[in-house]
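Structure record follows, encoded as structure tokens.
A, B, ... follow the sequence lines: proteins, then strands. Residue 1 opens every chain.
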Amino acid sequence: MEVIIENLPLYWEGLLRTLFLSVVSGIIALILGTLLAAARVSPVAALRGFSTVYVEILRNTPLTIAFFFAAIVLPRLGVTFQQFEVAAIIALSAYTAAFIAEAVRSGVNSVPLGQAEAARSIGMNFGQVLNLIILPQALRTVIPPLINILIALVKNSSVAGAFFVLELFGYGRQMANANGDQVMAVLLGVAFFYLLLTIPLGILASTVERKVAIAR
Amino acid sequence: MFARFFFMTTHVPGDALVSLNGVNKHYGQLHVLKDINLHVRKGEVVVVIGPSGSGKSTLCRAINRLETIEGGTISIDGKVLPEEGKELAQLRADVGMVFQSFNLFAHKTILENVTLGPIKVKGVAKAQADKEAMALLERVGVGHQAPKLPAQLSGGQQQRVAIARALAMKPKVMLFDEPTSALDPEMINEVLDVMIQLAKEGMTMVVVTHEMGFARKAADRVVFMADGQIVEDAKPEEFFTNPKSDRAKDFLSKLLTH
């Protein structure tokens, strides 16, 4: 156990890095995912097609491939970056956006069609219908799956550890190497610090869910 | 003289506010609208009746392009309905629509339901929109419900709010798609009263309904539809006392047996 106490600063540093990766990727993925969902329900066939192809490819291939792509293929195509963190954020947000797009789309579909018809009949354009009428109501059904996706994102960020990004899992690996006799304790510590991030997310989910509930 | 007046009211597209010319629509194999020609003058109240599946709701929804059509043209105040886009949205703002299932915005208060269109679509200042909305809500008798959410109101109240929401856009014509069909019997009249008042004030209205009482009381013309066609187009007293087609006679006899 004392290996955890001794390495608390490292754990803390790892926690902050993981938090940073998750928050930045999460925000980008939320924006990108919502745009993809909007494209998916738009009247423009080309946008619908693009969104469908994007979601199906990213959702159905392993996250590791997205990481390899961001870390190795992108630089060869001329997209270079100073830190691997950037590649990690690109991979994580691109991957997570696909899941968010699907969650938002199903939320949009849960809003009765009459709401959109009423909005169109008073002269709103597609963007207004979506932003003022559909998305605010979709939010209610989207929150629980969205939080699940964000919890998965926090855990998925550990893959960055394998790509030379130092975050919670990456530090864990370092500590496990340095304390070969106490690997179990080190990893339990890592798990505990992940829980420190993910459990509050779950609690947040149920609170927000109650707040945005709309009576029908 | 009467013949000439009658001719003018029914068949001259020139001064028509809503004009449907040779409109056709299919749902797969089903031909729901067959060569529909209908012209509604300014200030006229046209009631569309007919058995279920006759295409009357589709007709009503086609007028503001909630249903697309495959052939023919529909024009509002001389402008042909455009395809999807900004122009269509502008034209829709001139056409008020009241739905069978009210479709009030569930996440907005009653007041916001009425002000949203004027503020977001027409760019009316909030204070002005609030004032006008309150006047409309008072007019339909639900002023005191303004801060509530739609789910807290009865069906009849919700439908009156829906009428106020449509009126807030100052439409040239109002479409009613079976506005009382989802209501409990004791709430039907409170909605019909608002509609009769509206008709008296000179609003141009196309009303799809099963309420024959409303048709007798407020309609200038009754259009009887069956199997996607307009079978009869006559003044209410003429239609109800002396229907010409067998289809209409059959329909009316079924109504009167109850």
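Contact annotation for A:Ala116: neither backbone nor side-chain heavy atoms come within less than 4.5 Å of a heavy atom of chain B. Contact annotation for B:Phe99: only side-chain heavy atoms (C-beta onward) come within less than 4.5 Å of a heavy atom of chain A. Proximity to chain B involves both the backbone and the side chain of A:Leu132, based on heavy atoms less than 4.5 angstrom apart. Residue B:Arg61 touches chain A through its side chain alone, counting heavy-atom pairs closer than 4.5 Å. Proximity to chain B (any heavy atom under 4.5 Å) is restricted, for A:Gln128, to the side chain, taken from C-beta onward. For B:Lys122, no part lies near chain A; criterion is any non-hydrogen pair under 4.5 Å.
Other residues, nucleotides and ligands place more than 12 heavy atoms under 6.0 Å from the CZ atom of A:Phe81. Within 6.0 Å of OH on B:Tyr27 lie more than 12 heavy atoms contributed by other residues, nucleotides or ligands. Taking a 6.0 Å sphere around CZ of B:Phe214, one finds it holds more than 12 heavy atoms contributed by other residues, nucleotides or ligands. In the displayed structure, A:Tyr54 atom OH is contacted under 6.0 Å by more than 12 heavy atoms of other residues, nucleotides or ligands. Within 6.0 Å of the CZ atom in A:Phe163, the count of heavy atoms belonging to other residues, nucleotides or ligands exceeds 12. Residue-environment remark: CD (B:Glu87) stays at or below the threshold of 12 foreign heavy atoms within 6.0 Å.
Panel note: side chain B:Asn103, backbone A:Gly114; a donor-acceptor pair is recorded below 3.5 Å.
Here the shortest heavy-atom pairing between A:Gln137 and B:Ala106 reads OE1-CB, 3.6 Å. Shown here for B:Leu116 and A:Met124, the closest heavy-atom pair between the two residues is CD2-CE, 3.4 Å. Heavy atoms only, all atoms of each residue included: A:Ala118 and B:Arg165 are closest at CB-NH2, 3.4 Å.
To the nearest 0.5 Å, atom CD of residue A:Gln115 and atom NZ of residue B:Lys108 are 11.5 Å apart. The structure places CG of A:Asn125 at 11.0 Å from CG of B:Leu88, a figure rounded to the nearest 0.5 Å. To the nearest 0.5 Å, atom CG of residue B:Asn64 and atom CZ of residue A:Arg120 are 8.5 Å apart.
Note: B:Lys120 leads B:Met169, B:Gln90, B:Lys120 in heavy-atom pairs under 4.5 Å with chain A. Put simply, of B:Ser101, B:Ala93, B:Gly117, the one with the most heavy-atom pairs under 4.5 Å next to chain A is B:Ala93.
The side-chain heavy atoms of A:Ile122 and B:Met97, taken from C-beta on, include no pair separated by under 4.5 Å.
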